[in-house]
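A short worksheet on the structure shown next.
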Protein chains: 2
Amino acid sequence: MTQNKLGVRIKALRTEKMLTLDQLAAASGSSKSYIWELENKNPPRPSAEKLADIGKALGVTADYLIGSDDQTRTEAEDIAFFRQYSGLPDDTRKVLRDMAESLAKMGRK
Amino acid sequence: MTQNKLGVRIKALRTEKMLTLDQLAAASGSSKSYIWELENKNPPRPSAEKLADIGKALGVTADYLIGSDDQTRTEAEDIAFFRQYSGLPDDTRKVLRDMAESLAKMGRK
DNA sequence: ATATTGAGTTCGGAGTAGCGAACTTTTTAA
DNA sequence: TTAAAAAGTTCGCTACTCCGAACTCAATAT
């Protein structure tokens, strides 16, 4: 059973978040059959749009899912997080910045 | 002639680097006719692989080229925040990401 | 003037992305 | 148990990606 990197990554993230094919499909605007094909069929060549939508639903970048560059999963999550953060309203961003400040102090100990 | 965002971004980067269609095609392993179609035809839906290759040749990520979210002209405050965030330990960053997720859900409705 | 070169543009077609619906397997309920 | 629901898998089809090759239009050379 030869697996492709993209499929492995999607499946890992999906199962980790305890999502079914149907749930991820709904969250990303795809069909469950197609999600399954991405995870199991080789070699998949999804559109950038689809992959970005799926990445968004999983909290990572499309670039990480393709694995074309050497973006680590942590980086992908951080970048995806920063994008989400950037899109939040001003006051919500401030709440997060304050929380970060507090957490930073705690960690400094 | 209304242009699509992806096309505009590719063309901007290509002309900025003074590359011809042929040159960018060669550098990214595509055909020049296809590069032209991406820049001018609507609506294009290139594969993530192609887009990552083109992005690589242009020095940007596929995620940026898709630009599903609006171009991030980020304020200094936000950038500073991200720097601070990046310096935090893994588990603390996760706490913040989870908080952001909750806050984002709240704001969504 | 008219070749040559280099840029962008058009077009037909092979192959596949991505879907819905039907099917099979696993889990839950009774 | 076994019925029903949920999860995963298969399949056929349409629409679109992406290519090569031919074309147009300028600019520079001869």
Side-chain angles (χ1 to χ4, degrees), chain A residues 1-69 76 80, chain B residues 1-69:
Chain A
M1 218 350 177
T2 29
Q3 291 291 5
N4 62 81
K5 197 187 225 169
L6 170 67
V8 169
R9 290 190 174 179
I10 292 179
K11 189 164 202 168
L13 286 162
R14 177 175 67 81
T15 56
E16 197 172 301
K17 302 200 165 213
M18 298 199 291
L19 296 172
T20 67
L21 291 173
D22 262 319
Q23 288 171 330
L24 178 54
S28 63
S30 305
S31 66
K32 74 169 169 174
S33 57
Y34 187 56
I35 301 281
W36 182 86
E37 282 172 11
L38 288 183
E39 290 184 355
N40 299 282
K41 278 249 171 106
N42 36 325
R45 200 157 50 78
S47 73
E49 233 178 11
K50 274 282 158 228
L51 207 56
D53 291 344
I54 292 170
K56 196 167 237 173
L58 293 173
V60 296
T61 63
D63 288 293
Y64 166 74
L65 288 178
I66 322 169
S68 64
D69 57 10
Chain B
M1 195 70 96
T2 337
Q3 293 290 5
N4 64 81
K5 197 187 243 172
L6 170 66
V8 169
R9 289 191 176 178
I10 292 178
K11 189 163 200 166
L13 286 162
R14 179 174 66 82
T15 54
E16 198 172 299
K17 302 198 166 213
M18 299 200 289
L19 296 172
T20 67
L21 291 173
D22 263 320
Q23 287 170 330
L24 178 54
S28 62
S30 306
S31 67
K32 74 169 170 176
S33 58
Y34 188 55
I35 300 281
W36 183 86
E37 281 173 11
L38 288 183
E39 290 183 355
N40 299 282
K41 275 247 173 108
N42 38 325
R45 204 160 48 78
S47 74
E49 235 177 10
K50 272 285 156 227
L51 205 57
D53 290 344
I54 292 170
K56 198 165 241 172
L58 292 172
V60 296
T61 64
D63 287 294
Y64 166 74
L65 287 178
I66 311 170
S68 49
D69 359 283

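Letters go in sequence order (proteins before strands), and every chain restarts at 1. Both backbone and side-chain heavy atoms feed into the values below; hydrogens, waters and symmetry mates do not.
Rounding to the nearest 0.5 Å places CD1 of B:Ile10 at 5.0 Å from CD1 of B:Ile54. Here the straight-line distance linking atom NZ of A:Lys56 with atom CG of B:Asp63 works out to 9.5 Å at 0.5 Å rounding.
C:dC19 atom P lies 10 Å from atom CG of A:Asp53, rounded to whole Å. Protein atom CD of A:Glu39 is 16 Å distant from nucleotide atom P of C:dA17, rounded to whole Å. Atom CG of A:Leu21 and atom C1' of C:dG18 are 15 Å apart (whole Å). As rounded to whole Å, 9 Å separates atom C1' of C:dG8 from atom CG of B:Asn40. Between A:Leu24 atom CG and D:dA6 atom P there is a gap of 19 Å when expressed in whole angstrom units. Atom NZ of A:Lys41 is separated from atom C1' of D:dG12 by 11 Å (rounded to the nearest Å). Distance CG (A:Leu6) to P (C:dG18): 11 Å, rounded to an integer number of Å. Between B:Leu19 atom CG and C:dG8 atom C1' there is a gap of 15 Å when expressed in whole angstrom units.
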Acceptor/donor pairs from residues 19-26 of chain B side chains to any protein atom, 3.5 angstrom cut, sequence neighbours excluded:
| unit_1 | atom_1 | unit_2 | atom_2 | d |
| --- | --- | --- | --- | --- |
| B:Thr20 | OG1 | B:Asp22 | N | 3.4 |
| B:Thr20 | OG1 | B:Gln23 | N | 3.1 |
| B:Gln23 | OE1 | B:Thr20 | N | 2.8 |

Practice task
Encode nucleotides 13-20 of chain D as B, S and - characters from 5' to 3', where the letter depends on protein heavy atoms closer than 4.0 Å: B to the base, S only to sugar-phosphate, - to neither.
Solution key: ---SSBBB
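At least one side-chain heavy atom of A:Ile35 sits less than 4.5 Å from a side-chain heavy atom of A:Ser28. At a threshold of 4.5 Å between non-hydrogen side-chain atoms, the residues A:Thr61 and B:Thr61 do not count as touching. Side-chain contact between B:Leu58 and B:Tyr64 is absent, with no heavy-atom pair separated by less than 4.5 Å.
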